[in-house]
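Just so it is clear, the structure is predicted and the values come from calculations on it, not from any experiment.
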Amino acid sequence: DNGTIVGDGAQINTCENLPVFGKTCKLLGTWKNKEFLVDWWDCYADGTHDDYAVLKGIAQTINANGGGKVVFGFQKTYYFALTFCDQSSSSINTKDILFDMTTNCVLDLNGSTLKCAPNDYIKFSYIRFTNCNFLIKNGFIVGDKVNHDYSFGGTQELGWGIEVRGATGKIENMDISMMLADAIYI
């Protein structure tokens, strides 16, 4: 029941064994499509099950293919649990990031919500744009401020919704709330 989707001109180079249409598939061939509809990639989008692996995979694929557009399902809730954070390091690169975008991109949340699971991390970003052009629009990002585990100590003021580093872009029609720190860090 698992299968292979072979492209005829769309460019997707790094998507082996991601869930597509409810099945684990290999994507082979040369693909040129630069628009990713999140619902095609088998996210739960129910506000309770973890969509981290699929969303992270889409972001990595966009970067590997030189940019593109991500369109989320209409008015859904994508829940995710951050998976890595080196609390002992002061380096900004040791934190987990759901969408770490380094190529030109558009993220259209389409009225949907990105909601983070409670964690104990002191430094993280949900979305980071670095040295690229970007547009993020039409959605909500909800942090874990109310249910955050503060037992690690410190002020825990490095939890951002959107982080922009050396990038140029627009943030349109976004509501970012319940972050440990700034909703947007530039």
Could you give the distance from [atom1] ([X]) to [atom2] ([Y]), rounded to the nearest 0.5 Å?
{"X": "Ile184", "Y": "Ile171", "atom1": "CD1", "atom2": "CD1", "answer": "4.0 Å"}
{"X": "Lys145", "Y": "Cys116", "atom1": "NZ", "atom2": "SG", "answer": "14.5 Å"}
{"X": "Glu163", "Y": "Ile97", "atom1": "CD", "atom2": "CD1", "answer": "5.5 Å"}
{"X": "Met174", "Y": "Leu114", "atom1": "CE", "atom2": "CG", "answer": "7.0 Å"}
{"X": "Leu107", "Y": "Asn138", "atom1": "CG", "atom2": "CG", "answer": "11.5 Å"}
{"X": "Asn173", "Y": "Ile136", "atom1": "CG", "atom2": "CD1", "answer": "11.0 Å"}

Heavy atoms, side chains only, cut-off 4.5 Å: are [X] and [Y] in contact?
{"X": "Phe72", "Y": "Cys43", "value": "no"}
{"X": "Val142", "Y": "Ser177", "value": "yes"}
{"X": "Asp51", "Y": "Tyr44", "value": "yes"}
{"X": "Phe129", "Y": "Ile162", "value": "yes"}
{"X": "Val38", "Y": "Lys76", "value": "no"}
{"X": "Trp41", "Y": "Thr61", "value": "no"}
{"X": "Tyr126", "Y": "Ile176", "value": "no"}

Establish whether [X] and [Y] are linked, either directly or via other cluster members, by ILVMFWY side-chain heavy-atom contacts under 4.5 Å.
{"X": "Ile58", "Y": "Phe134", "result": "yes"}
{"X": "Tyr52", "Y": "Phe99", "result": "yes"}
{"X": "Met101", "Y": "Leu55", "result": "yes"}
{"X": "Leu180", "Y": "Ile141", "result": "yes"}
{"X": "Tyr78", "Y": "Val71", "result": "yes"}

Practice task
Could you tell me how the ring of His148 sits relative to the ring of Tyr150: parallel (under 30°), tilted (30 to 60°) or perpendicular (over 60°)?
Solution key: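 Ring orientation, 0 to 90° scale: perpendicular.
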Problem - Nearest heavy-atom neighbours spanning Phe124 and Met179 - result: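 Reported closest heavy-atom pair: CE1-CE, 4.4 Å.
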Exercise for the section: Looking only at non-hydrogen atoms, find the nearest pair between Gly47 and Tyr79 and report the distance. Expected result: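 So the two residues come closest at O-CD1, 3.5 Å.
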Practice task
Evaluate the criterion side-chain contact (heavy atoms from CB on, under 4.5 Å) for residue pair Asp175 and Phe140; output intermediate values, then yes/no.
Solution key: CA-CA 5 Å; Asp175 184 327; Phe140 305 86; 3.4 Å; yes
Practice task
With sequence neighbours left out, write down each residue that passes salt bridge (Lys or Arg N to Asp or Glu O under 4.0 Å) with Lys115, or none if nothing qualifies.
Solution key: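 If we apply the salt bridge (Lys or Arg N to Asp or Glu O under 4.0 Å) test to Lys115, skipping adjacent residues, there are no hits.
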Handout entry: Distance-only side-chain donor-acceptor flag, Ser112 / Asn110, under 3.5 Å
Key =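 No, because no side-chain N or O of Ser112 sits under 3.5 Å from a partner of the opposite role on Asn110.
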Exercise for the section: Apply side-chain hydrogen bond (donor to acceptor under 3.5 Å, both in side chains) to Lys56 and list each qualifying residue two or more places apart in sequence or on a separate chain. Expected result: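 Result, side-chain hydrogen bond (donor to acceptor under 3.5 Å, both in side chains) vs Lys56: none returned.
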Problem - Passing option when Thr103 is tested against Asn63, Thr130, Asn65 for side-chain hydrogen bond (donor to acceptor under 3.5 Å, both in side chains) - result: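 Single side-chain hydrogen bond (donor to acceptor under 3.5 Å, both in side chains) partner of Thr103 among Asn63, Thr130, Asn65: Asn63.
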Handout entry: Backbone of Pro118 reached by a side-chain donor or acceptor of Asn147 within 3.5 Å
Key =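 Checked: no pair found.
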